[in-house]
Amino acid sequence: MNRVNNPLDHSNRADPDNIQGLLSGTEPSFAAVFEFTTMGIAIISLSGLWLRVNNPLCALTGYMEEELVFKEIHAFFPPEEAENLEQCFAHLLSGEIDTVQLEKKVIQKDRTTAWVEFRISLIRDLHRVPLYYLSQISYLSQKTEMERKLAESEQRYKSLIEHNPAGILTCDLKGMIRSLNPAMERILGFEEGEMVGKTINDFWKQENQAYDTVDSIVSNTDNYMLRVKHKNGEKIELGLKNVPIIVDGRNEGIYVIARDITQHNKDRESLRVAQQDLHDTVRRQQGMTMKFRKMQGTFIHTLCDGELLYRLGFKPSNILGNHLYEIWPYPLAANIETYYRKAWNGEENVMYEATFRGITYLTSLRPIVENGRVVEVIGSCVDITERKQMETELRETKDLLESFISNTTDAICVLDLQARVMSVNGAYEQIFGWHQSELLSKPLPIYPDFMEEQRKEIYDMLKAGKQISGLETVRLRKDGQLVHVSVTKTPIKNEKGEIIGFAGITRDITERNRTEELLRKSDKLSVAGQLAAGLAHEIRNPLTSLRGFLQLLQNDVKGKQHYFDIMLSELDRINFIVSEFLVIAKPEAIHYKQSDLKDILQSVTALLDTQAVLCNVGLLLEFETEIPQLVCSEMHLKQLFINLVKNAIEAIPKEGQIKLTVSMQGDNLIRVRTEDNGCGIPEDRLKQLGEPFYTTKEKGTGLGLMMCFKIVEAHNGTMTIQSHLGEGTAIDVFLPTQPSGQSIKELP
Ligand code: ADP
Ligand code: MG
């Protein structure tokens with residue numbers, strides 16, 4: 001508080017009697033007025049303390065005199081009023097004015113406020129030195145109170161209009177604009193000055209026929225909408241309401257209350273579009289979306305749409321508001337209901353498949369939970385008919401493929417990138433003798449040691465994405481035997497084309513090789529046979545004449561009988577050999593009959609014994625069991641074993657041992673093994689044995705083994721040769737006792 005520095009202040013506060021002294025100097029009439037007037041009067045110190053108060057003032061404030069005196073007067077007014085009061089004091093002190101009159105709220109003792117009229121004057125002494133303030137306080141008169149209230153309500157009304165977010169415009173009954181509020185200025189873009197005095201129609205330029213005249217606007221009592229132009233030319237939409245201005249019961253004009261609903265309308269439109277869009281999306285989806293909730297114990301559908309629905313032969317109206325049993329046949333409805341129940345009980349991700357009218361669809365249900373309670377369940381359904389069909393087809397193809405793989409006679413194996421076994425088929429197990437369980441996750445054990453190089457080459461090629469097809473090679477069986485195979489290997493690729501493993505198909509071609517070999521041999525054989533037959537005829541005829549003339553001469557020439565015997569026996573030998581050739585060419589010369597193999601073999605050994613002894617070779621014949629009789633051509637079997645034993649003798653360089661062992665293989669198969677410990681045959685030559693004219697001997701014919709093969713074959717038997725270089729040779733002849741099948745084959 002800015003107070004004038006006055007000695008009174010101190011003295012007043014220090015000594016109240018001094019004031020009495022000060023005041024006692026006033027005229028007695030003043031004192032009387034002070035005491036007896038009905039108006040509240042107070043003397044206020046220059047520092048703003050009540051110094052003296054009269055009774056009416058006490059009554060007005062509700063305080064006792066002693067409660068007021070020496071108290072600061074601003075404590076008795078609301079803060080904003082007190083501040084204003086102080087300014088007034090300052091003006092008075094400065095001498096600008098002598099008296100102020102204020103309307104003020106005063107705080108009464110009971111904390112209520114009352115409006116008072118407050119007149120304050122500054123009292124000075126003769127030298128114009130300020131002494132104190134004299135104030136008169138009275139309740140505001142009835143009229144001024146009214147005026148004040150009116151002003152207040154006018155202010156309120158103005159504030160309501162000024163600050164109203166709605167645009168408000170007043171016009172008379174002819175539509176002449178009187179005023180508009182700032183909100184209306186903002187909405188239309190015009191300032192008040194630009195509009196007042198014009199009619200609303202100047203601004204309400206209509207596109208809307210219904211409100212084309214001023215009357216039609218002014219008289220409208222409903223909410224209405226107008227499309228008008230903003231000052232900047234943009235079209236805006238207004239939502240409007242007219243409120244009549246009634247003064248003294250007379251309609252003087254209207255308030256037009258406007259709200260810019262352009263954005264609102266836009267929002268509403270986009271909401272509508274979004275809703276339509278959502279609806280269309282649900283309807284046009286390939287699948288189907290539905291919702292249901294439980295009402296009075298049954299599941300009622302509240303939404304269902306989508307193309308699948310129509311494909312199932314329904315429309316939304318068939319589903320909406322209906323429960324399961326009204327839609328589906330009994331067993332299907334009951335089945336679906338179990339899933340509905342699960343979802344309704346809050347289970348997430350409930351899925352089920354249903355088939356109806358040949359369509360299989362998959363539904364997944366999802367409960368919608370609000371405040372911990374399931375209020376609805378959404379289901380989305382997709383048509384999986386095709387997928388199901390494809391699955392079936394795929395399964396069938398897979399079965400077919402699997403059956404093919406397991407039934408084919410080709411060995412099939414699948415390996416991973418590290419060439420470890422992932423699976424092998426039955427044929428693989430059969431050909432190589434390994435069981436799948438022994439092979440899994442291991443490298444293939446079928447490469448002979450000397451084929452390591454090849455193994456590496458093969459996998460290098462496969463890893464480079466190349467295929468190996470029809471590679472003829474050998475592989476190792478579990479029992480250590482080599483098998484001739486044709487190998488095809490391919491890299492397995494995934495859909496990205498990356499190699500993820502290898503597949504191998506291995507075909508056992510031992511049999512094929514054997515057949516091929518046989519074919520090759522028989523090819524040469526038939527040439528040899530034809531040659532031999534021709535030669536034999538040509539030789540035999542001159543031989544007959546030679547023999548005839550020799551016998552004729554034999555009678556005439558005496559003393560040289562010995563030479564004739566030799567010549568005749570040599571001729572007979574030539575004839576025998578030639579006949580043998582003819583045997584090859586002429587099948588009708590062979591006679592099969594029941595014979596005893598023991599006799600045949602014994603006559604063979606007897607025949608060759610002498611030669612064996614000469615060559616330092618022991619010849620042994622051994623029967624492991626009793627041997628039944630067999631149907632055969634005795635002469636040919638002799639020929640067969642003579643050839644074998646002769647070869648054996650010739651294979652022994654200095655001295656050695658030949659052993660013929662006869663045993664039974666089962667009930668009907670006789671095996672005759674001819675073993676020697678001679679020079680043996682190199683492995684790569686084994687194949688050639690039996691080819692006509694293949695010989696390693698200086699005076700050999702290379703026809704012996706060929707004949708042997710033929711004879712054995714004609715008896716429906718087989719012959720196998722095993723030999724180790726430098727160790728010896730063993731040749732097995734297998735002969736059936738009762739040659740099965742049709743007739744015994746004929747020799748060519
Ligand atoms: P040849 O005896 O006239 O040579 P073969 O057809 O009887 O004709 O025999 C062909 C070849 O087979 C012989 O030259 C010989 O090299 C080989 N051979 C046959 N039997 C044996 C054997 N037991 N031991 C070693 N080599 C044999
Ligand atoms: Mg021979």
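In listed order, ligands and their atoms are each counted from 1. The first residue in the sequence is number 1, and the count goes up from there. Small disclaimer: the values here were computed from a predicted structure and weren't measured.
Nearest to atom 3 (O) of ligand 1 among the protein's heavy atoms is T701 N, 2.8 Å. Scanning the protein for heavy atoms near atom 21 (C) of ligand 1, the closest one is N647 CB, 4.0 Å. Protein heavy atom nearest atom 14 (O) of ligand 1, with residue, atom name and distance: T696 N, 2.8 Å. Closest to atom 17 (C) of ligand 1 among all protein heavy atoms lies L689 CD2, 4.1 Å. Closest to atom 11 (C) of ligand 1, if we only count protein heavy atoms, is Y694 O, 3.9 Å. For atom 6 (O) of ligand 1, the nearest protein heavy atom (residue, atom name, distance) is L705 N, 2.8 Å.
Closest approach of G470 to T488, counting heavy atoms only: N-OG1, 3.1 Å. I649 approaches L608 most closely through the heavy-atom pair CD1-O, 4.4 Å. Nearest approach of T661 to E675, heavy atoms of both residues: OG1-OE1, 4.1 Å.
Taking 4.0 Å as the cut-off, T729 counts as a neighbour of ligand 1 on heavy-atom distance. Residue contacts with ligand 1 leave out G678, since none of its heavy atoms falls under 4.0 Å from the ligand.
In D676, the part holding a heavy atom less than 4.0 Å from any atom of ligand 1 is the side chain. Counting heavy atoms under 4.0 Å from ligand 1, residue I681 touches it through the side chain alone. Residue contacts with ligand 1 for I731 are absent, since no atom lies close enough (heavy atoms, distance under 4.0 Å).
Only protein N, O or S atoms were considered, and those under 2.8 Å from the Mg ion (ligand 2) are N647 OD1.
Atom numbering of ligand 1 starts at 1 in the shown order; those under 4.0 Å from a heavy atom of A651 are 22 (C), 24 (N), 25 (C). Those atoms of ligand 1 that come under 4.0 Å of a heavy atom in A648, given as number and element, are 23 (N).
For G680, no nitrogen or oxygen atom sits less than 3.5 Å from a nitrogen or oxygen atom of ligand 1, counting backbone and side chain alike.
Residues Y428 and D410 form no side-chain contact, since every pair of their non-hydrogen atoms from C-beta on lies 4.5 Å or further apart. At least one side-chain heavy atom of S423 sits under 4.5 Å from a side-chain heavy atom of Q436.
One distance of note links CD of E472 with NE2 of H484; it measures 10.0 Å at 0.5 Å rounding.
More than 12 heavy atoms of other residues, nucleotides or ligands shown are found within 6.0 angstrom of CZ on R455. Within a 6.0 Å sphere centred on CG of D667, heavy atoms belonging to other residues, nucleotides or ligands number 12 at most.
Between Y459 and F502, a ring centre-to-centre spacing shorter than 6.0 Å is recorded.
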Candidate pair E727 and N677, rule side-chain contact (heavy atoms from CB on, under 4.5 Å), full reasoning
CA-CA 6 Å; E727 286 176 27; N677 52 3; over 6 Å; no
Using side-chain contact (heavy atoms from CB on, under 4.5 Å), reason through M719 and F734 one step at a time and then give a plain yes or no.
CA-CA 6 Å; M719 186 166 92; F734 296 93; over 6 Å; no
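Note on ring orientation: taking the six-membered ring where Trp is involved, the planes of Y361 and Y352 are perpendicular (angle over 60°, cut-offs 30° and 60°).
Listed for the N407 side chain is a donor-acceptor partner under 3.5 Å among the backbone atoms of S403.
In this structure, of T695, L725, L703, the residue bringing a heavy atom nearest to atom 4 (O) of ligand 1 is T695.
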